[in-house]
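Input: a single structure, listed below in structure tokens.
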Amino acid sequence: MQDMIVYLIFITIGAGLGFSVRKKRGNTGPIGVISFVKSVAICILLFVMSTRIGSNEEVASNLGTIGIYGFLSTVIVLVFTTLTAFLFRKALGFDKKGRSLKHIASEEDSVAQLAEAVHEHEVANHQDEKNVVDKTTIMILVFVALGILCGHFFVNKIFSDYEYFTKLASITIKVWLTILLFFVGFDLGYDESGGGDFKSAGIRIIFFPIATVVGALVGAVVMFFVMPVTLRESLAIASGFGWYSLAPVLIMDAGHITASAISFLHNVMRELFAILIVPLVAKRVGYIEAACVPGAPGMDICLPAVERATNSTIVIYSFITGTITSALVPILVPIFIGN
């Protein structure tokens, strides 16, 4: 809980600084050095976390089984997230394309304009969706593979005291995680569209991030009955919402190495699977459900996929759902895992 408070403080400080910088210089586009530092932090976190996974004999000898559990947990969570979003949409009176029968024209126009602004902002920050996915996937695979190999072959040779290594890795993870969250907060404060999203979109949009969270947690309960994890671990895994560089670190820091490995694979798969199934969900189930499927990546990596599969109005649902679920990760994961 103490670490969670520290993380939230640094997110808040970063957001305040980002807001101050935007007011002083204006939002003239993304700041390159911040994106670079965030990328470095993510790479270091992935490497160190994977090194700890590879150095743990029990986990290393069961990576195949853990991969199956990661896949199974992802399927379960995505199914229940889609189902819960569908039930919420029906209860709130939205049609398949996200249109409300009670939605007045002026409100539709303001949401559409806001969605277009968010979409243009994200397109400016991201290259072609395929290239972004390819680069992200390659980065994940490279640093995870290097970390696991280094952990398995070199940790015992370099560190005679394994406990010292785990403490050093834990400190490294906490430091770089704090740096990452600070700059995540900076980006939130620096993004001039962020503050107006909630005001312009209307109160009903808040129910869909709630649906995303509820769906994941219901899926976690199901996971508990079909996977060799405790209920607390299952809830913590599902509460990652696709943020693979944060949730597994928090779980590992609490001493749950196997659950951390499952969490990492689950959250990576959630992001990748979301990109693949968003068009199918939009076509067969509904536009709003498609916006809920990605979870945290719905505010960035998965946003172009949502826009192409639905329409510019639904972009705001994805953006806000991603923002809220991202903010909940450093709160819910430590609560459930008991850190």
Side-chain angles (χ1 to χ4, degrees), residues 11 15 18 30 35 38 42 74 77-78 81-82 84-85 88 98 111 114-126 129 132-133 136 180-181 183-198 200-201 204-217 238-247 266-278 281-282 287-333:
I11 290 176
S35 298
K38 285 168 61 180
I42 290 174
T74 303
V77 166
L78 289 179
T81 297
T82 303
T84 306
F88 270 61
V111 173
L114 177 59
E116 289 290 350
V118 172
H119 174 58
E120 290 174 2
H121 170 76
E122 293 300 329
V123 170
N125 289 341
H126 298 283
E129 177 193 352
V132 172
V133 174
T136 302
L180 174 62
L181 293 177
F183 285 108
V184 167
F186 183 96
D187 278 348
L188 290 174
Y190 186 70
D191 185 357
E192 61 185 351
S193 67
D197 290 339
F198 300 95
S200 300
R204 287 175 298 175
I205 198 172
I206 302 299
F207 286 100
F208 295 105
I210 294 173
T212 303
V213 172
V214 171
L217 297 184
S239 297
F241 305 120
W243 195 345
Y244 59 81
S245 61
L246 176 59
H266 162 73
N267 286 293
V268 169
M269 290 180 184
R270 176 164 185 170
E271 178 179 293
L272 297 178
F273 286 9
I275 294 173
L276 296 175
I277 71 170
V278 156
V281 172
Y287 283 9
I288 293 178
E289 291 87 334
C292 294
V293 162
M299 68 181 290
D300 42 54
I301 295 297
C302 296
L303 195 64
V306 173
E307 194 276 336
R308 278 199 274 270
T310 59
N311 57 51
S312 57
T313 302
I314 300 300
V315 170
I316 195 63
Y317 290 86
S318 178
F319 184 80
I320 292 183
T321 297
T323 301
I324 292 178
T325 51
S326 295
L328 288 176
V329 174
I331 299 174
L332 294 181
V333 173

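The analysis underlying the following values was restricted to heavy atoms, covering all of them including side chains, and did not include hydrogens, waters or symmetry mates.
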- In chain order, what residues pass the side chain to side chain contact (heavy atoms under 4.5 Å, CB included) check against A15, with sequence neighbours excluded? none

- Query: Does S239 have any side chain to side chain contact (heavy atoms under 4.5 Å, CB included) partners at least two apart in sequence or in another chain, and if so, which?
  - Reply: L217, F241, L332, V333, F336

- Of all heavy-atom pairs linking A211 and A85, the shortest is CB-CA, 3.9 Å

- Query: Are the side chains of T81 and V214 in touch, meaning some heavy atoms are under 4.5 Å apart?
  - Reply: no

- Item | T325 to A296 - nearest heavy-atom pair and separation | OG1-N, 3.3 Å

- Message: Between T74 (side chain only) and H266 (backbone N and O only), is there a donor and an acceptor less than 3.5 Å apart?
- Response: yes

- Shortest non-hydrogen separation from R270 to G242 and the atoms involved: CD-N, 3.9 Å

- Item | Minimum heavy-atom distance P330-I11, with the two atoms named | CG-CD1, 4.4 Å

- Message: Looking at every non-hydrogen atom in both residues, tell me the closest pair between T84 and G215 and how far apart they are.
- Response: OG1-CA, 3.2 Å

- Please check if the side chain of S318 supplies one atom and the backbone of I314 the other of a donor-acceptor pair under 3.5 Å. no

- A282: partners by side chain to side chain contact (heavy atoms under 4.5 Å, CB included), with sequence neighbours left out: Y287, A290, A309, T310

- Locate the shortest heavy-atom distance separating F88 from F207; write the atom from each residue and the value. CD2-O, 3.4 Å

- Task: Taking atom CZ of F273 as the centre, report whether more than 12 heavy atoms of other residues, nucleotides or ligands fall under 6.0 Å from it.
- Result: yes

- Hey, what do you get for CZ (F208) to CD1 (I324), rounding to the nearest 0.5 Å? 12.0 Å

